[in-house]
Amino acid sequence: MTGDNSGMDGYRSGFACFVGRPNAGKSTLTNALVGTKVAITSSKPQTTRHTIRGIVHREDGQLVLVDTPGLHRPRTLLGQRLNDLVRETWSEVDVVGFCVPADQKVGPGDRFIAAELAKIAKRTPVVGIVTKTDLVGQQQVAEQLLALQGVMEFAELIPVSAVDGFQVDALADLLVGKLPEGPPLYPDGELTDEPEQTLVAELIREAALEGVRDELPHSIAVVVEEMLPREGRDDLVDVHANLFVERPSQKAIILGHRGERLKQVGITARRHIEKLLGSRVYLDLHIKIAKDWQRDPKQLRRLGF
């Protein structure tokens, strides 16, 4: 339902984004608010690379969540591009949620982000969000809220847990309240505006990241080369994808002993892709080496950054 806004007094719609250090719980929070998996989550920091939008539909408004990569001090060209992407997103949204996990002390990384956010806080409201409250006691949550208050001036402060649903609805109320009045931006029922191919690539990358040691999170990129319904079948989709790593040693890690790990990646990814597409999937995965792609502008472009 778009376009006609008659009889929708007080309806609000607009864009919000979550920022915070890598692994502050931004993607998990996006998924909890949307009610389904639109952003990949992983215990490895820095797993989000695309601004994936999740759409929250409510009686009183529509909240479009833009999920940005974690802001960090960049060491590579890729890192620099991800940071630019974050700042660009901030300048375009109606409200920003600054996420700080309850179980980690407010540190220099948070202050670095707060200093950046202070530049936009005059024209864009910034809400302070203490995430992962399920991991600590009430006392620690209270202390974290106080610590966060000292970092910058927030429009509002709220503790939440995406895992057990604590205050997720209250956060949605708060964010929608900061949006401008206006008609819905997306049709009812749409949960993300990301092309399916991008989501499929992200699901494959998430499966590849699980269980891979710490040195690999940044070194994996996935490109879906082809995604087509099988000829003569309306219940099967063929997905051909390449997993790019930077070095032969990394290829060996992802392959695993006799290709066992890659096989597991395929099984996990296929399960999620079938859920996303609502169809059976044949997944064809290949690992390729793109030497030092994170530092090479030409390769970054080819891999979609």
Side-chain angles (χ1 to χ4, degrees), residues 22 27-28 31 36-52 67 69 76 78 81-82 191-192 194-296 298-305:
S27 297
T28 312
N31 292 338
T36 185
K37 186 174 192 149
V38 290
I40 77 160
T41 55
S42 161
S43 52
K44 302 273 180 291
Q46 283 296 118
T47 51
T48 309
R49 284 198 192 136
H50 293 278
T51 52
I52 289 190
D67 187 35
T76 61
L78 172 65
R81 290 214 175 155
L82 293 178
L191 296 177
T192 178
E194 278 292 308
E196 278 181 342
Q197 219 148 310
T198 307
L199 288 173
V200 165
E202 288 286 270
L203 289 172
I204 294 168
R205 199 162 69 89
E206 179 177 42
L209 281 171
E210 275 322 306
V212 169
R213 289 202 304 270
D214 296 341
E215 72 270 30
L216 255 70
H218 311 282
S219 309
I220 299 173
V222 176
V223 175
V224 174
E225 299 291 342
E226 202 175 47
M227 197 164 99
L228 295 165
R230 175 82 55 94
E231 221 175 305
R233 299 264 307 261
D234 54 7
D235 66 333
L236 185 65
V237 177
D238 287 324
V239 178
H240 299 276
N242 289 326
L243 253 163
F244 289 92
V245 290
E246 297 189 299
R247 295 188 293 280
S249 60
Q250 295 172 338
K251 180 175 178 173
I253 290 173
I254 291 188
L255 260 175
H257 183 57
R258 293 186 172 167
E260 274 307 305
R261 174 166 277 147
L262 184 64
K263 196 170 142 189
Q264 204 42 58
V265 168
I267 291 168
T268 306
R270 195 182 71 231
R271 204 175 58 238
H272 289 303
I273 296 166
E274 288 183 337
K275 219 164 138 185
L276 174 76
L277 302 180
S279 163
R280 287 184 54 206
V281 165
Y282 166 75
L283 179 59
D284 178 37
L285 270 185
H286 294 276
I287 306 175
K288 300 204 165 180
I289 295 161
K291 197 173 175 323
D292 292 332
W293 66 263
Q294 295 185 68
R295 290 179 164 75
D296 178 347
K298 243 193 355 246
Q299 299 211 69
L300 278 171
R301 266 201 306 280
R302 195 166 63 92
L303 295 173
F305 298 106

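Every value quoted in this text rests on a predicted model; they were computed, and no experiment measured them.
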If you take all heavy atoms of [X] and [Y], which pair is closest and at what distance?
{"X": "Pro248", "Y": "Ile289", "value": "CA-CD1, 3.6 Å"}
{"X": "Asp235", "Y": "Ser279", "value": "O-OG, 3.4 Å"}
{"X": "Leu236", "Y": "Tyr282", "value": "CD1-N, 3.9 Å"}

To the nearest 0.5 angstrom, please state how far the [atom1] atom of [X] sits from the [atom2] atom of [Y].
{"X": "Ile254", "Y": "Gln264", "atom1": "CD1", "atom2": "CD", "answer": "14.0 Å"}
{"X": "Lys263", "Y": "Arg258", "atom1": "NZ", "atom2": "CZ", "answer": "12.0 Å"}
{"X": "Ile287", "Y": "Leu255", "atom1": "CD1", "atom2": "CG", "answer": "4.0 Å"}
{"X": "Ile220", "Y": "Leu209", "atom1": "CD1", "atom2": "CG", "answer": "4.5 Å"}
{"X": "Glu202", "Y": "Glu206", "atom1": "CD", "atom2": "CD", "answer": "8.5 Å"}

Item to check | Residues forming a side chain to side chain contact (heavy atoms under 4.5 Å, CB included) with Ala269, sequence neighbours excluded | outcome: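 So Ala269 forms a side chain to side chain contact (heavy atoms under 4.5 Å, CB included) with Ile204, Ala207, Ile273, Leu283.
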Item to check | Residue pair Val245 / Ile253, side-chain heavy-atom distance below 4.5 Å | outcome: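 In short, these two side chains do not touch, never coming nearer than 4.5 Å.
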Item to check | Sequence neighbours excluded, every pair satisfying salt bridge (Lys or Arg N to Asp or Glu O under 4.0 Å) that has a member inside residues 264-280 | outcome: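 Found Arg270-Glu274.
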Checklist entry - Which residue pairs pass the salt bridge (Lys or Arg N to Asp or Glu O under 4.0 Å) test with at least one member in residues 220-232, sequence neighbours excluded? => result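 Salt bridge (Lys or Arg N to Asp or Glu O under 4.0 Å) check on residues 220-232 returns Arg230-Asp238.
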Item to check | Test side chain to side chain contact (heavy atoms under 4.5 Å, CB included) applied to Glu210 and Thr268, step by step | outcome: CA-CA 10 Å; Glu210 275 322 306; Thr268 306; over 6 Å; no
Checklist entry - Quick one: does Gln250's side chain have a donor or acceptor within less than 3.5 Å of a partner on Arg247's backbone? => result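 Yes.
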